[in-house]
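Here is the structure we will look at.
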Amino acid sequence: MKGSLLIVFASKHGYVKRYVDILGNALGCDAVPADKLRGEMLGGYDKILFIGSVRGGSLSGYKNIADFVDAIYEKLVVCGVGMLPNGKDKAERIKSANISVAYEKFIPVFYAQGGFDMDELSRTEKMSITMMVRQIKASSVIGIDGTAMLNAVKTPIDEVKKANIQPLIDYLDGKAVDEQLYSPPEITDPDERQRFFEELEKAASAPENKKRALKKKLKSK
């Protein structure tokens, strides 16, 4: 592991915590639950990894680190753990749904398949899954993810294994990673970063009708 790493994690049903253990064994690093995080903990590390479970696109526990992103975005890496099979599209959805327009172009995002067991869920979670299953079954075409969800509801799955998190391990270890395996940062050049924030500042101070157009432009760049 090149440089020091802190893992901030939010594990609801244990799958994320097991990945944290795998990462710790592979890289040798510190870890703290997201709900125990304090701002002063973030200063002494070269990299910060946030890893949390994904439910309906939302990354659990991310709110605990969101207030510090403006200070750590250059060293922040994010990973979501969900029930569906690995795929770059999952990482891109996590980035779009959870990371603000100001920082999503700078933060690499990964995804790893975890596990799913209906018996572990709360009543509210079960109701939400039941509604999703109904929507999937009502679709004219059921895709790969839909099929995976229907199967998982019937039979519990557990896909927590080092192979599923290896691209993240390699990235944190300073190794090259195929960009098809994660959502890489779009801006790494310091001059381009400065121009981006200058345009973002203009968007923030613009009249509301121009503000929407400018933010849309920045998001699509």
Side-chain angles (χ1 to χ4, degrees), residues 1 5-37 47-66 76-99 107-133 136 144-173 177 181-183:
M1 172 70 200
L5 168 69
L6 175 66
I7 300 177
V8 182
F9 67 94
S11 185
K12 191 162 190 179
H13 299 295
Y15 304 110
V16 169
K17 180 58 172 64
R18 286 163 59 196
Y19 272 129
V20 171
D21 293 340
I22 292 171
L23 288 161
N25 288 332
L27 298 169
C29 54
D30 298 330
V32 61
D35 60 358
K36 304 293 185 185
L37 179 67
K47 285 191 178 75
I48 308 292
L49 168 66
F50 177 84
I51 180 168
S53 57
V54 180
R55 287 289 182 269
S58 180
L59 196 56
S60 66
Y62 186 74
K63 63 182 181 181
N64 295 97
I65 203 169
L76 179 63
V77 181
V78 170
C79 180
V81 176
M83 64 178 287
L84 298 175
N86 286 22
K88 179 176 181 176
D89 62 311
K90 312 294 190 310
E92 290 175 339
R93 274 184 249 161
I94 291 167
K95 179 178 283 190
S96 178
N98 296 276
I99 300 175
I107 299 173
V109 176
F110 288 76
Y111 173 84
Q113 186 176 19
F116 180 83
D117 186 340
M118 281 289 281
D119 290 340
E120 295 175 342
L121 306 185
S122 66
R123 182 179 177 183
T124 301
E125 289 174 320
K126 287 179 180 177
M127 290 174 62
S128 177
I129 293 295
T130 299
M131 289 179 63
M132 292 175 67
V133 167
I136 293 169
I144 295 173
D145 286 350
T147 300
M149 175 168 277
L150 293 178
N151 291 337
V153 168
K154 294 178 183 177
T155 306
I157 59 172
D158 188 340
E159 290 295 325
V160 176
K161 51 191 175 185
K162 188 177 181 181
N164 280 342
I165 206 83
Q166 190 63 50
L168 175 58
I169 292 172
D170 290 341
Y171 186 90
L172 293 169
D173 205 22
V177 177
L181 299 177
Y182 73 114
S183 181

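Heavy-atom basis, side chains included; hydrogens, waters and symmetry copies ignored. Everything numeric here is computed off the predicted structure, so don't read it as measured data.
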Next on the checklist: Can you tell me if Lys126 has over 12 outside heavy atoms packed within less than 6.0 Å of its NZ?
Outcome noted: yes
Next on the checklist: Are more than 12 heavy atoms, taken from residues, nucleotides or ligands other than Met127, located less than 6.0 Å from that residue's CE atom?
Outcome noted: no
Next on the checklist: Show, in sequence, the C-alpha distance, side-chain angles and deciding distance for Cys79 and Ile165, and conclude whether the side-chain contact (heavy atoms from CB on, under 4.5 Å) test is met.
Outcome noted: CA-CA 9 Å; Cys79 180; Ile165 206 83; 4.1 Å; yes
Checklist entry - Do Arg18 and Asp158 have side-chain heavy atoms sitting under 4.5 Å apart? => result yes
Item to check | Note, Asp145 side chain near Asp89 side chain (heavy atom, < 4.5 Å) | outcome: yes
Shortest non-hydrogen contact from [X] to [Y]?
X: Val81; Y: Tyr111; answer: C-CE1, 4.2 Å
X: Ile22; Y: Lys161; answer: CD1-C, 4.1 Å
X: Pro108; Y: Leu76; answer: CD-O, 3.4 Å
X: Leu5; Y: Cys29; answer: O-CB, 3.3 Å
X: Gln113; Y: Leu84; answer: CG-O, 3.1 Å
X: Phe50; Y: Gly61; answer: CZ-C, 3.3 Å

Examine distances only and state if a side-chain atom of [X] and a backbone atom of [Y] form a donor-acceptor pair shorter than 3.5 Å.
X: Asp173; Y: Ile169; result: no
X: Glu159; Y: Gly114; result: no
X: Lys95; Y: Ile107; result: yes

Which value, rounded to the nearest 0.5 Å, describes the distance between [X] atom [atom1] and [Y] atom [atom2]?
X: Phe116; Y: Ile157; atom1: CZ; atom2: CD1; answer: 8.0 Å
X: Ile94; Y: Leu59; atom1: CD1; atom2: CG; answer: 6.0 Å
X: Met83; Y: Ile129; atom1: CE; atom2: CD1; answer: 6.0 Å
X: Leu23; Y: Gln166; atom1: CG; atom2: CD; answer: 9.5 Å
X: Met149; Y: Thr147; atom1: CE; atom2: OG1; answer: 11.5 Å

Item to check | Pair Val77-Phe110, side-chain contact (heavy atoms from CB on, under 4.5 Å): steps then yes or no | outcome: CA-CA 8 Å; Val77 181; Phe110 288 76; 4.0 Å; yes
Checklist entry - Would Asn64 and Lys36 satisfy side-chain contact (heavy atoms from CB on, under 4.5 Å), going step by step from the backbone distance to the final call? => result CA-CA 9 Å; Asn64 295 97; Lys36 304 293 185 185; over 6 Å; no
Checklist entry - Can you list every side chain to side chain donor-acceptor pair (under 3.5 Å) pair that touches residues 19-32, not counting sequence neighbours? => result Lys17-Asp21, Asp30-Tyr45
Checklist outcome for this item: Across all chains, not counting sequence neighbours, the side chain to side chain contact (heavy atoms under 4.5 Å, CB included) partners of Ala97 are none
Next on the checklist: Checking side-chain polar atoms at under 3.5 Å, does Lys12 have a donor or acceptor matched by the opposite partner on Ser53?
Outcome noted: no
Next on the checklist: For a side-chain contact (heavy atoms from CB on, under 4.5 Å) check, start with the C-alpha distance between Leu172 and Leu168, then their side-chain angles and the critical distance, and finish with the verdict.
Outcome noted: CA-CA 6 Å; Leu172 293 169; Leu168 175 58; 3.8 Å; yes
